[in-house]
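This report concerns only the one structure given below.
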Number of protein chains: 2
Amino acid sequence: MTPRSSDLLPDAPAAPKNVRPVGLDDVDRRILTALHADARMSNSALADLVGIAASTCHGRVRRLQEMGVIRGFYADIDPAAIGLSLQAMISVSLQSSARGKIDQFIQNIRRRPQVMDVYFLAGNDDFILHVAARDTDDLRSFVVQYLNADADVAGTQTSLIFEHLRGASPL
Amino acid sequence: MTPRSSDLLPDAPAAPKNVRPVGLDDVDRRILTALHADARMSNSALADLVGIAASTCHGRVRRLQEMGVIRGFYADIDPAAIGLSLQAMISVSLQSSARGKIDQFIQNIRRRPQVMDVYFLAGNDDFILHVAARDTDDLRSFVVQYLNADADVAGTQTSLIFEHLRGASPL
DNA sequence: ACTGAAACTGTTAGCTA
DNA sequence: TAGCTAACAGTTTCAGT
């Protein structure tokens, strides 16, 4: 069994209480779960679903946005449907001399239309790029032109993506 | 100048026409760009933005959904704001004997609340998991319990994510 | 936090080019 | 066929309770 903190540190805080910034209640979590799955659900349908009045629900959603819990509402576009039929993950490591420029490098590469996500990492690689390209030529020229041609880039490793699935719900 | 097809292949289709399934025009692309950035923009604001009547715009958006170009509308929840303060990328490789079970494996792991994205790969690793965990213990127990403990998993490599940025726009 | 009324928006039908 | 105008249904939003 895990030792109780009182056995070790008599003056530690009595109970962990709520760790979170302001605290989300169960209704907030149900709202987030619903909007995570369908951001265009009408406010009245959402209110019914979570069991509160529409006006209250609307206020909750706005508060969640103001708190930064909801960062935004996005349409999920199928890359293949707009002619980007090839997706890949590209691990990139930079020269150690270029570490100070990572921010600038990422802000720059992020503008390319092929880039869908940038994951800025601690580890062997400096970041991973999730990209979507029209075809193999487009992918290759992206890697060559924007990554390998840059003297700050030490190396890249590209893996094709067969399928990308979103997680079910973080709550 | 590009040779005309009649010079080369008299019986080939006259002109390349539209290569895409049905074809998206410029208005469609502007709609997609706008909704990619803000899925909750009102239909009338969107119509004004792209320069068509609200009813026309509404029909376009519905058609884009029916065509599968728009796969859905999702709220972007900040994992840190709901107590998942640690994000990581986990590369997973399976035993070659387990390759036939990948689909099942992924469908299973995808249900875990920590899993935000699953990228199913061609390459050295079989897939990459983008996960969000409460803390290091939560992350470690996820890796140990759901990955390393499984006999089908040959190996995993975990890298912490410092920052995750979405791409600007695929169009 | 809820109720109800006012303002607004989304949605459909029918007409026009 | 694609777009527009106009009318209706439904939703958001803000009082007051």
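Remember, it's a predicted structure, so these values are computed and weren't measured experimentally. Throughout, protein chains are lettered first and strands after them, A, B, ... in sequence-line order, and every chain is numbered starting at 1.
- Following rounding to the nearest Å, B:I52 (CD1) and D:dA2 (P) show an atom-to-atom distance of 12 Å.
- Rounded to an integer number of Å, the gap from B:N43 CG to D:dT11 P is 15 Å.
- Rounded to whole angstrom, the span from the CG atom of B:L46 across to the C1' atom of C:dT11 amounts to 15 Å.
- Cluster annotation: B:L86 is not connected to B:M116 through the hydrophobic network of ILVMFWY side chains, with a link wherever side-chain heavy atoms come within less than 4.5 Å.
- Ring pair B:F105/B:F127: centre-to-centre distance below 6.0 Å.
- The six-membered or imidazole ring of B:H130 lies near that of A:Y119, with a centre-to-centre distance under 6.0 Å.
- Close to C:dC8, at under 4.0 Å from its OP1 or OP2, lies no side-chain N or O of B:S44.
- Going from atom CG of A:D48 over to atom P of D:dT12 covers 11 Å, rounded to whole Å.
- Put simply, B:R62 has no side-chain N or O that comes within less than 4.0 Å of OP1 or OP2 on C:dT11.
- C:dG10 atom P lies 11 Å from atom CE of B:M41, rounded to whole Å.
- We find that CZ of B:R40 is positioned 20 Å from P of C:dC8, with the value rounded to whole Å.
- Distance CG/A:D38 to CG/A:L49: 10.5 Å, rounded to 0.5 Å.
- Look at A:S55 and you won't find any side-chain N or O under 4.0 angstrom from OP1 or OP2 of C:dC2.
- Here B:H58 does not reach the OP1 or OP2 of C:dG10: none of its side-chain N or O atoms lies under 4.0 Å away.
- Contact between the side-chain N/O atoms of B:S42 and the OP1/OP2 oxygens of C:dT9 is not found at any separation under 4.0 Å.
- Using a 4.0 Å heavy-atom criterion, one finds that B:R60 contacts the sugar-phosphate atoms exclusively.
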